[in-house]
Protein chains: 2
Amino acid sequence: MRSAGMYLCGLDAAVDVIGGKWKVLILWALHAGPRRFGEVKREIEGISEKMLIQSLRELEADEIVHREVFHEIPPKVEYSLTPLGKSLNTALAPLGDWGHKHMKRIEKNRHVTPRP
Amino acid sequence: MRSAGMYLCGLDAAVDVIGGKWKVLILWALHAGPRRFGEVKREIEGISEKMLIQSLRELEADEIVHREVFHEIPPKVEYSLTPLGKSLNTALAPLGDWGHKHMKRIEKNRHVTPRP
DNA sequence: TCAGGTACCCACTAAAAGGTAAGCATCAAG
DNA sequence: CTTGATGCTTACCTTTTAGTGGGTACCTGA
């Protein structure tokens with residue numbers, strides 16, 4: 001996050017919202033509809049509970065994600081995209097396509113080794 | 001950068017390429033055509049030479065930016081977008097628009113104070 | 001001779017981001 | 001009466017990223 005100072009352009013602001021290791025994956029997971037905390041966790045391989053809750057809270061503060069608590073036992077909390085979140089996902093679609101198309105090349109350039 | 005492991009989706013890969021504090025600003029600066037090192041530096045308020053060269057090198061490794069050296073005195077080096085870089089910029093356009101449209105809201109939610 | 005511009009490189013440090021592992025309150029099932 | 005599931009929270013530590021301040025080699029103009 002840019003600590004103090006206005007954004008230099010819209011892209012700058014957008015990357016500040018979706019930046020970090022997990023946020024786009026969370027957006028992707030919520031794309032198809034509301035999900036519970038545990039569901040999102042299981043969908044995103046490798047994320048820790050700490051990072052998940054932290055990212056969700058930041059996205060909530062940015063009005064991208066809506067959090068709804070159901071007072072039940074066992075506890076149930078649902079996360080979903082707000083209208084702003086949906087518009088963000090739409091704006092991200094071309095970037096997702098680009099990444100998908102060039103993923104192999106990116107991985108090669110980074111010498112990324114495949115998962116064991 | 002994702003250290004070891006395949007990307008989980010295209011967005012993931014794309015954010016890995018444009019992530020960090022400065023890269024989208026550099027892409028933006030190169031949008032209108034080739035720029036010299038010093039020109040880019042002057043266009044991006046607040047960037048240090050270290051971060052600029054580091055980001056440029058990474059973008060070059062990702063085949064987003066092309067680096068051309070002119071053997072002159074004083075030295076001259078031009079940076080420009082490769083075709084891949086241009087396609088990335090195109091894919092980023094909707095995100096830039098989104099950010100531009102919601103910049104005020106994002107800043108407010110972050111309590112970002114204006115530059116002095 | 002001396003500052004200024006060019007495009008960097010290097011070492012060190014500070015700050016941010018991320019990972020690990022534990023604990024909590026509640027109830028149900030075994 | 002222990003285990004598991006739920007959705008967190010907290011403390012601590014490591015890794016990654018970014019910033020600072022110096023140096024280089026070359027030529028130009030004052």
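Quick note on labels: first sequence line is chain A, next is B, and so on, each numbered from 1. Note that the coordinates shown come from a computational prediction; the quantities given were computed from them, not determined experimentally.
If you check every strand for non-hydrogen atoms under 4.0 Å, R42(A) touches sugar and phosphate atoms only. Using a 4.0 Å heavy-atom cutoff across all strands shown, Y79(A) reaches sugar-phosphate atoms only and no base atom.
Each of dC9(C), dG7(D), dT6(C) was ranked by its minimum atom distance to the side chain of P75(B); first place goes to dT6(C). Comparing dG19(D), dG18(C), dC27(C) against the side chain of I73(A) picks out dC27(C) as the nearest. When distances are taken from the side chain of W22(A) to each of dT6(C), dC8(D), dG19(C), the shortest belongs to dG19(C).
Side-chain atoms of K50(A) come within donor-acceptor range of the base of dG19(C), with a qualifying N/O pair under 3.5 Å.
Between the CD atom of E49(A) and the C1' atom of dG18(C) there is a distance of 15 Å, given to the nearest Å. Summarising the geometry, the separation between CD on E72(A) and C1' on dT26(C) is reported as 13 Å, rounded to the nearest angstrom. Following rounding to the nearest Å, K76(A) (NZ) and dA25(C) (C1') show an atom-to-atom distance of 20 Å. For the pair R67(B) CZ and dT6(C) C1', the computed distance is 13 Å after rounding to whole Å. A straight line from CG of L25(A) to C1' of dG18(C) spans 14 Å, rounded to a whole angstrom. One interatomic measurement links the two molecules: CG of L52(B) to P of dC8(C), which rounds to 9 Å at whole-angstrom precision. Taking atom CZ of R57(B) as the reference point, atom P of dA7(C) lies 12 Å away to the nearest angstrom. One can place CD of E78(A) at 14 Å from C1' of dT6(D), the figure rounded to the nearest angstrom.
Phosphate proximity of dA7(C) to R36(B): present, with a side-chain N or O under 4.0 Å from OP1 or OP2. At the phosphate of dG19(C), OP1 or OP2 sits under 4.0 Å from a side-chain N or O atom of K21(A).
The minimum heavy-atom distance linking L84(B) with E63(B) is given by the pair CB-O, 3.5 Å.
In summary, the side chains of Y79(B) and R67(B) do present a donor paired with an acceptor at a separation below 3.5 Å, with no hydrogens or angles considered.
Of the two residues contacting DNA chain C, namely G38(B) and G46(A), the nearest-nucleotide position lying further toward the 5' end is that of G38(B). Taking the nucleotide of DNA chain C with the nearest heavy atom to each of I47(A) and E39(B), the more 5' of the two is matched to E39(B).
Checked options I64(B), L25(B), N89(B), L81(B); the residue passing with L30(B) is L81(B) (criterion: side-chain contact (heavy atoms from CB on, under 4.5 Å)). Checked options H100(B), K104(B), E107(B); the residue passing with Y7(A) is E107(B) (criterion: side-chain contact (heavy atoms from CB on, under 4.5 Å)).
Using the six-membered ring where Trp is involved, W28(B) and H31(B) have ring planes that are parallel, under 30° apart on the 30 and 60° scheme.
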